[in-house]
Amino acid sequence: MEVKLLSEHYDKKEFRHLEGYQKLGGYSALKKALKMKPEEIVAEVKNSGLRGRGGAGFPTGMKWGFLPQNGEPRFLLCNADEGEPGTFKDRLMMERAPHQLIEGMIIAAFGIKSQKSYIYIRGEYYQPYKIVEKAIEEAYKAGLLGKNILGSGFDHEMDVYRGAGAYIVGEETALISSLEGKKGQPKLKPPFPAVKGYLEKPTIVNNVETLAAVPWIINNGAQGYKKYGTEKSPGTKLFSVSGNVNKPGVYEVPLAYSFKDLLENECGGMKPGFKLKALIPGGSSCPVLNYDEAMKATMDYECMSQMGSMLGSGGVIVIDDKQCMVDLLNVLMHFYHHESCGQCTPCREGTGWMEKLSSSIGAGRAQLSDITLLDKVARQMMGTTICALSDAAALPVISFVSKFRDEFEFHIHEKKCKVKGHCHAQSHH
Amino acid sequence: MSKKLELPSASRAYIKKELERYETKESALIPALFEAQKVFGFITPEVVDLLAVEMDIPPSRVNEVAQFYTMFNKKPVGKHHIQVCTNISCAMVGARETANYICKKLGVKLDEVSKDSRFTVSQVECLGSCGTAPMAQINDDYYENLDQQKIDKLLESLK
Ligand SMILES: Cc1cc2nc3c(=O)[nH]c(=O)nc-3n(C[C@H](O)[C@H](O)[C@H](O)COP(=O)(O)O)c2cc1C
Ligand code: SF4
Ligand code: FES
């Protein structure tokens, strides 16, 4: 069953505007927070066990605790660059509940003593950008932003910034560079943004969903949040489900919810004529699970890591029996090669090689040894680069090849597809 | 004979405001490039030079940003830029066939401008609309759950 801690009112039109949002309880958490001490807010979020929803799952309160404890100005950035294939929950959250995000950001800013924040939205999300822009304006007019917020003495300015197309900008250091008006290329860490970020100042970068969960946690307490999920994966998470299921969409369920239930209950099962074959559980960068694994999987950080995959951004990509795994890998490799920023040799060269190899396998212009080579190239790309895109490109390769090797071999041996009569992999450029 | 490029005064006023909006003026580069693209359709070396002067930022810095981001067109595109996502979730529900269908209907190849300058069709990466695929972004708007009937109607309305 869905547990809608955050998304309860997402279907109500009025929730999208300040008045309706307030009528439905919005900004009560901010009022409560402004009466607390900043340290108490950070402690509450830390105790809730909330983990970053942007992909890495890093504990949010702990990240906030890395900020230097001095009076130095610091920034809060909301990462709304959402570009991981299979992920579309941040877009929904901004469209349906812009004030929930803004409220979460003001509370977070108060907790970390930041006087300026930005919401960085990918350029393609023009409508969400307009919605968020208007909501910020509403918040200013109501005294929820600006000087002396609600008479508390706390000042905070918030602005929204529109990106211009580049998946890599979702990586936090690249996001910072982009906001500074530079190429959006990642930088080596450390230093981490919490120490040296936007304009070299301490900066916290958090995902939309992470920040939008803060008001609920302040209202209901860390203990309330921990009633859902598990010890290491507390709370609820919004999963974006895509593929040939009856009801694709965004569903909020407690962490550790079983994939089988998510598929059968929330998504209404597979579309008629389609059977489940595989699952990418958390966005395109996560290793694929086969049918048996998928049916046993629970949607939490521990189970995914036990199965050798990741919860990532929660982009649940359901793969059916009419899909060719060679074709899908081609699609992904084209993507990662296109999106590699090219700074690191293993990533730049590796993504190029993997795209070439997987497409020649698909086209039947390869030998069996090329499957081994593909796997080897992928393994050499891991853990040696500035950012995680290199690993993100390599992981799907390793898992696709090891779990669906027969489909790769068939393309090579038979020069056609094991699954479909007309397979794009055979003609992929 | 080339005419000297000029920004309309409304655009110049917008860029001036953006230059003061952020902590450093370089942050105004992306907004200014979007504005210039709205006026000129795509970003040429002349547009880069124009912005460099307007913003008092070296042309190499302006160019670096223009080149890095995919939403800045480096060559002309049609009035309606139809961008179909063909990444994994969309590919599984037939988005590549959708892109082909649109190309065929319009009589264009991918990334080419139609003879009447009205259309360009491109395949792009995930647009965050994976649950409502096949989909296309046309200029600033998303069109989701596309089927042939919907596409026919849509293209008709854009003519
Ligand atoms: C290649 C790459 C792309 C990423 N894209 C996004 C993204 O679109 N949105 C996001 O929130 N985090 C993204 N991340 C993760 C961010 O670097 C960062 O961990 C996150 O924004 C932190 O917020 P959180 O702790 O609230 O999750 C990406 C990371 C990498 C390596
Ligand atoms: S790993 Fe790839 S994307 Fe990341 S910084 Fe290096 S080259 Fe760029
Ligand atoms: S994969 Fe096409 S919109 Fe996400």
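In the text below, chain A, chain B and the rest are named by the order of the sequence lines, each starting its count at 1.
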* Is it possible for you to check whether A/Arg122 lies under 6.0 Å from the centre of the six-membered ring of A/Tyr125, through NZ or CZ, and within 45° of that ring's axis? => yes
* Flag the one option from B/Ser129, B/Cys90, B/Ala133 with the top tally of heavy-atom pairs under 4.5 Å to chain A. => B/Ser129
* Asked: Is any side-chain heavy atom of A/Glu339 less than 4.5 Å from a side-chain heavy atom of B/Glu125?
  -> yes
* Between B/Gln123 and A/His334, is any side-chain donor less than 3.5 angstrom from a side-chain acceptor? -> no
* Heavy-atom distances under 4.5 Å only: say whether A/Phe274 touches chain B with side chain, backbone, both or neither. => neither
* To do: Spell out the residues in residues 15-33 of chain B that have some non-hydrogen atom less than 4.5 Å away from a non-hydrogen atom of chain A, in order of number; otherwise answer 'none'.
  => B/Arg21, B/Tyr22, B/Glu23, B/Thr24, B/Glu26, B/Ser27, B/Leu29, B/Ile30, B/Pro31
* Pairs of heavy atoms under 4.5 Å with chain B: top-ranked of A/Asp90, A/Asp159, A/Leu199 -> A/Asp159
* Classify the side-chain pair A/Lys271/A/Asn244 by whether it contains a donor and acceptor separated by less than 3.5 Å. => yes
* To do: Please look at A/Glu180 and chain B and tell me whether the side chain, the backbone, both or neither of the residue comes under 4.5 angstrom of a heavy atom of that chain.
  => backbone
* Asked: When the ring centroid of A/Phe239 is compared with that of A/Tyr251, is the distance short of 6.0 Å?
  -> no
* What's the spacing between A/Ser7 OG and A/Glu252 CD if we round to 0.5 Å? -> 4.0 Å
* If we only count heavy atoms from C-beta on, is the A/Asp327 to A/Glu407 side-chain gap below 4.5 Å? -> no
* Under 4.5 Å, counting heavy-atom pairs only, tell me which of B/Thr70, B/Asp140, B/Asp141 racks up the most with chain A. => B/Asp140
* Can the ring centres of B/Phe34 and B/Phe72 be said to be less than 6.0 Å apart? -> yes
* To do: Could you list which of residues 142-149 of chain B have a heavy atom closer than 4.5 Å to any heavy atom of chain A, in residue-number order?
  => B/Tyr142, B/Glu144
* Which atoms of A/Leu179 approach chain B - backbone, side chain, both or neither, heavy atom under 4.5 Å -> backbone
* Most contacts with chain B, counted as non-hydrogen pairs under 4.5 angstrom, among A/Ser240, A/Gly249, A/Gly163, A/Cys341 -> A/Gly163
* Close side-chain approach of A/Leu289 to A/Ile280, heavy-atom, < 4.5 Å -> no
* Measure from NZ or CZ of A/Arg162 to the centre of the six-membered ring of A/Tyr126 and say whether it is under 6.0 Å with the direction within 45° of the ring axis. => no
* Residue pair B/Val113 / B/Phe119, side-chain heavy-atom distance below 4.5 Å -> no
* Sort A/Val245 into side chain, backbone, both or neither according to what part of it lies under 4.5 angstrom from a heavy atom of chain B. => neither
* Asked: To the nearest 0.5 Å, what is the distance between CD1 (B/Ile138) and OG (B/Ser157)?
  -> 7.5 Å
* To do: Report the option among A/Tyr198, A/Tyr161, A/Tyr167 that has the most heavy-atom pairs separated by less than 4.5 Å from atoms of chain B.
  => A/Tyr161
* To do: Could you tell me which of A/Asp320, A/Ile319, A/Val241 has the largest number of non-hydrogen atom pairs under 4.5 Å with chain B?
  => A/Ile319
* **Heavy-atom check, side chain of A/Leu328 versus side chain of A/Phe400, under 4.5 Å** => yes
* Tell me, for A/Thr87 versus chain B, whether the close heavy atoms (under 4.5 Å) come from the side chain, the backbone, both or neither. => backbone
* Asked: Just wondering, do A/Ile168 and A/Pro186 contact through their side chains at under 4.5 Å, heavy atoms?
  -> yes
* Which of the residues A/Gly243, A/Ser178, A/Gly315 is involved in the greatest number of heavy-atom pairs with chain B at under 4.5 angstrom? -> A/Ser178
* Asked: Most heavy-atom pairs under 4.5 angstrom with chain A, which of B/Val65, B/Val124, B/Asn87?
  -> B/Asn87
* Is any side-chain heavy atom of A/Asn79 less than 4.5 Å from a side-chain heavy atom of A/Tyr120? -> no
* Structure fact -> Under 4.5 Å to a heavy atom of chain B? For A/Lys89 that would be neither
* Is there a side-chain contact between B/His81 and B/Ser122 (heavy atoms, below 4.5 Å)? -> yes
